[in-house]
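Since the model is a prediction, treat every value here as computed from it, not as a measurement. Counting starts at 1 for both ligands and their atoms, following the listed order.
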Amino acid sequence: MVNIILLGPPGAGKGTQAKRLVDERAMVQLSTGDMLREAKSSGTEMGRRVADVMARGQLVTDDIVIGLIEEKIGQGAGGGFIFDGFPRTLKQADALAALLQKTGQTLDAVVEMQVDDAALVARITGRFTCGKCGEVYHDKTRPTKVSGTCDVCGSHDLKRRADDNEDALKTRLMEYYKKTSPLIGYYYAKNQLSTVDGLAEMDSVAAAISKILDKT
Ligand code: ADP
Ligand code: ZN
């Protein structure tokens with residue numbers, strides 16, 4: 001059982017790689033972004049409170065996301081957890097360490113996915129996903145074969161995220177540099193950080209991550 005964090009700016013490809021690890025290694029993906037979006041669409045009180053914050057590209061409060069993770073990690077997952085989009089602040093990183101310790105689990109690796117800003121903007125503005133199976137597409141680099149239809153499952157429910165626009169993305173990047181990028185130093189100092197080139201081809205990124213996991 002290996003528990004890892006995927007760390008990187010919005011659009012670095014964390015979700016894509018997490019999905020592969022779920023398929024290939026039976027790991028369990030814990031995406032705070034997905035959990036918050038679910039809360040939003042299920043119309044809970046918390047979901048309503050965070051919707052605006054997310055649409056603007058700002059971070060949701062630490063207590064909310066820490067609470068979401070706490071509910072999920074229990075005594076662990078067979079194949080291990082992939083923390084995707086969490087932690088995003090030093091306070092969240094400390095909380096995760098405490099939660100893992102309390103439940104007798106370890107953090108085995110932190111994988112930083114490095115991608116430059118220009119590539120992030122290009123990737124995110126143009127991104128859409130299948131609401132049914134979660135497949136990720138892009139207007140320019142990976143359009144669907146038939147317009148409006150998912151290649152994988154045939155669904156017509158293709159969606160764009162409310163925060164995948166230039167304004168919100170600017171805020172998301174600022175939040176990342178101010179609040180999340182300090183975690184790179186935090187985990188480096190703990191000797192837990194590995195870095196992969198997020199601009200490489202998807203399969204090469206996956207191979208680089210696999211190598212890191214096999215070493216733990
Ligand atoms: P991305 O990494 O592409 O920006 P996510 O789906 O991980 O997208 O997150 C979307 C939004 O959800 C964030 O911009 C933020 O508002 C909120 N969010 C997700 N995870 C966290 C977190 N750990 N702490 C605070 N806010 C979060
Ligand atoms: Zn689909």
Electrostatic pair Asp164:Lys159 at N-O distance under 4.0 angstrom: no
Polar atom proximity, Pro87 to ligand 1 (N or O, under 3.5 Å): no
Nearest-0.5 Å distance that lies between atom CG in Leu183 and atom CD in Glu112: 10.5 Å
Sub-4.0 Å atoms of ligand 1 with respect to non-hydrogen atoms of Arg127: 3 (O)
Best match, Lys40, Gln92, Arg123, Arg56: closest heavy atom to atom 23 (N) of ligand 1: Gln92
Identity and distance of the protein heavy atom lying nearest atom 18 (N) of ligand 1: Leu36 CD1, 3.4 Å
Of the listed options Met35, Glu175, Lys14, Arg161, closest to atom 10 (C) of ligand 1 (non-hydrogen atoms): Arg161
Per-residue contact class, Val65 against ligand 1 - non-hydrogen pairs under 4.0 Å: side chain
Salt bridge Asp84-Lys19, side-chain N to carboxylate O under 4.0 Å: no
Salt-bridge contact Glu175-Arg172 (side-chain N to carboxylate O under 4.0 Å): no
Residue pair Asp62, Thr89: steps toward the side-chain hydrogen bond (donor to acceptor under 3.5 Å, both in side chains) verdict: CA-CA 8 Å; Asp62 288 331; Thr89 63; 2.9 Å; yes
Degrees at the Zn ion (ligand 2) between the SG atom of Cys130 and the SG atom of Cys150, nearest 10°: 110°
Test: Lys179 cationic atom under 6.0 Å from Tyr177 six-membered ring centre, within 45° of axis: no
CA sep, side-chain torsions, deciding dist, call: Thr61, Asp63, side-chain hydrogen bond (donor to acceptor under 3.5 Å, both in side chains): CA-CA 6 Å; Thr61 59; Asp63 291 345; 5.8 Å; no
Atom 20 (N) of ligand 1: nearest protein contact (heavy atom, Å): Thr32 OG1, 2.7 Å
Residue Arg172 vicinity, atoms of ligand 1 by number, heavy atom under 4.0 Å: 1 (P), 3 (O), 4 (O), 14 (O)
Protein contact to atom 26 (N) of ligand 1 [nearest heavy atom, distance to 0.1 Å]: Val60 N, 3.0 Å
Minimum heavy-atom distance between Ala168 and Ala55, given as atom pair plus value: CB-O, 3.4 Å
Polar proximity ligand 1 side, Gly85 side, N/O cut 3.5 Å exclusive: yes
N or O contact, Asp84 vs ligand 1, cut-off under 3.5 Å: no
Stepwise side-chain hydrogen bond (donor to acceptor under 3.5 Å, both in side chains) check, Tyr176 with Asp117: CA-CA 11 Å; Tyr176 177 77; Asp117 283 5; over 6 Å; no
Min N/O separation Asp34 to ligand 1 under 3.5 Å: no
Residue selection (non-hydrogen contact nearest atom 19 (C) of ligand 1) among Lys179, Met54, Arg88, Arg37: Arg88
Flag, side chain of Thr103 to backbone of Leu100, donor-acceptor distance under 3.5 Å: yes
Residue, atom name and distance, where the atom is the protein heavy atom closest to atom 16 (O) of ligand 1: Gln58 O, 2.5 Å
